[in-house]
Amino acid sequence: MTVSGSVANEDRREELRSELRTAGVIDLNASAVRWQVHPMTIRRDLDFLEQEGIARRVRGGAIYVGAEDFQQRQGRELAAKRRIAQKLLPLLPNKTAIGLDASTTVFQFVNSIARAEQISVITNGLPTFEALQNRPGIRAYLTGGESEEENHSLVGPLAVTAVSGFLLTRCFVSTTSIDPTMGTSEGTTAQVEVKRAMADASEHVVLAADSTKLGTRSLVRALPMSRIDLLVTELDASDPRLDPYRNLVEIL
């Protein structure tokens, strides 16, 4: 049904908020047609919702980044996360120590690991730690720290200190946003501190991120592109969407 273009801005934005929470994504052009307004009007609405912290602008619209819990976020881009997990499996080393962040993408990777050969894992993710229990060939360590309910993770100085105490061959981390100029960025400083500590403790940093995060920016700078050794997405490595990153990082 067509909605009148005379509806007040706040009424339209409230409807867009509801659509974001329900569908997880807003298509800019489709919304402009639906509301009978210029696409620039919807673009301004999405900018407003991004400032509120519930949306992240992407090409052609926006995706929901509000206060979803871990289970809700795990369902977003699930096929892409599963594809990424399969690409990460051959990168799992043997007889060494690795780091895993608290992201839903890395959690999907953990679920795909059937067994390993004598690896120690340090993580600040509670679901990740639980999933690794009794997994053949893996000894899992959970950082201490303050509970961050939204991400089911531990953060703060104790978490950073625990991660920094390990000598890691490789770490697997994800991100809220990745931009070829600014690197990765996150919604909270607490997550940034743990990810930086994990990267600093690692010889090799693997960034696992689905393609909706490419070319986007969040609130807090995390890792510069120079600190990332390998970028893994669900896309084929030759996909043109990865072109801005080719001279900056190895792509899988």
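All values below were derived from every heavy atom in this structure, side-chain atoms included, with hydrogens, water molecules and symmetry-related copies excluded. In what follows, residues are counted from 1 in the order of the sequence shown.
- There is no path of hydrophobic side-chain contacts, each under 4.5 Å, that joins Leu100 to Phe166.
- Of the possible donor and acceptor atoms, one in the side chain of Ser185 sits under 3.5 Å from a partner among the backbone N and O of Ser218.
- Across all non-hydrogen atoms, the minimal contact from Leu132 to Ala140 is CB-CB, 3.9 Å.
- In this structure the side chain of Val194 never reaches within 4.5 angstrom of the side chain of Asp101, judged on heavy atoms.
- In this structure, CZ in Phe172 is found 6.0 Å from CG in Leu92, a value given to the nearest 0.5 Å.
- The distance from atom CG of Leu46 to atom CZ of Arg13, rounded to the nearest 0.5 Å, is 9.5 Å.
- Arg196 places a side-chain heavy atom less than 4.5 Å from the side chain of Arg221.
- With Leu214 as the partner, the side-chain contact (heavy atoms from CB on, under 4.5 Å) test is satisfied by one option alone out of Val58, Asp179, Ile178: Ile178.
- Taken from OH in Tyr245 to CD1 in Ile251, the straight-line distance is 9.0 Å, to the nearest 0.5 Å.
- Residues Arg170 and Val206 are in side-chain contact: their nearest non-hydrogen atoms beyond the backbone lie under 4.5 Å apart.
- In this structure the side chain of Val163 never reaches within 4.5 angstrom of the side chain of Asn124, judged on heavy atoms.
- Between Asp47 and Arg57 there is a salt bridge, since at least one side-chain N of the basic residue sits less than 4.0 Å from a carboxylate O of the acidic one.
- More than 12 heavy atoms of other residues, nucleotides or ligands lie within 6.0 Å of CG in Asn94, so this atom counts as buried by the packing criterion.
- Listed for the Gln133 side chain is a donor-acceptor partner under 3.5 Å among the backbone atoms of Phe129.
- A 4.5 Å side-chain heavy-atom check between Ile113 and Leu89 finds at least one atom pair inside the cut-off.
- Using a 4.5 Å cut-off between side-chain heavy atoms of Ile, Leu, Val, Met, Phe, Trp and Tyr, with links allowed through other members, Met182 and Met225 fall into different hydrophobic clusters.
- Distance alone, capped at 3.5 Å, places no donor-acceptor pair between the Glu234 side chain and the Ile84 backbone.
- In plain terms, the two heavy atoms of Arg217 and Ser177 that are nearest each other are C-OG, 3.4 Å.
- Here OG of Ser103 is found 9.0 Å from CD of Glu186. Values are rounded to the nearest 0.5 Å.
- Under the salt bridge (charged side-chain N to carboxylate O under 4.0 Å, His left out) criterion, Glu14 pairs with Arg17, sequence neighbours left out.
- Among Leu207, Val173, Val220, Val192, the one residue that satisfies the side-chain contact (heavy atoms from CB on, under 4.5 Å) test with Thr184 is Leu207.
- If you take OG on Ser211 and CG on Asp239, they are separated by 7.5 Å, rounding to the nearest 0.5 Å.
- Linking ILVMFWY residues whenever their side-chain heavy atoms come closer than 4.5 Å, directly or via other members, places Phe109 and Leu252 in the same cluster.
- Between Val205 and Asp229, the shortest heavy-atom distance links the atoms N-OD2, 2.7 Å.
- Closest non-hydrogen pair, Ala131 versus Phe107, comes out as CB-CE1, 4.0 Å.
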Worked verdict on Thr169 versus Glu203 for side-chain hydrogen bond (donor to acceptor under 3.5 Å, both in side chains): CA-CA 5 Å; Thr169 297; Glu203 296 176 12; 4.9 Å; no
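- Heavy atoms only, all atoms of each residue included: Thr105 and Lys213 are closest at OG1-NZ, 4.2 Å.
- No side-chain donor-acceptor contact under 3.5 Å links Glu193 to the backbone of Pro157.
- A donor-acceptor pair is defined here as one N or O able to donate and one able to accept, closer than 3.5 Å; such a pair exists between the side chain of Lys87 and the backbone of Leu235.
- Residues Val232 and Val110 share a hydrophobic cluster, clusters being chains of Ile/Leu/Val/Met/Phe/Trp/Tyr side chains in contact below 4.5 Å.
- By the 4.5 Å heavy-atom criterion applied to side chains, Thr41 and Arg12 are counted as neighbours.
- No side-chain heavy atom of Thr212 sits less than 4.5 Å from a side-chain heavy atom of Val25.
- The two residues Asp210 and Ala80 come nearest to each other via the heavy atoms CB-CB, 3.9 Å.
- Within the 4.5 Å cutoff, the side chain of Glu130 has no heavy atoms near those of the His152 side chain.
- Residues Ser112 and Gln86 have side chains that never bring a donor and an acceptor to within less than 3.5 angstrom of each other.
- Atoms NE2 and CD, on His204 and Glu250 in that order, are 6.0 Å from each other to the nearest 0.5 Å.
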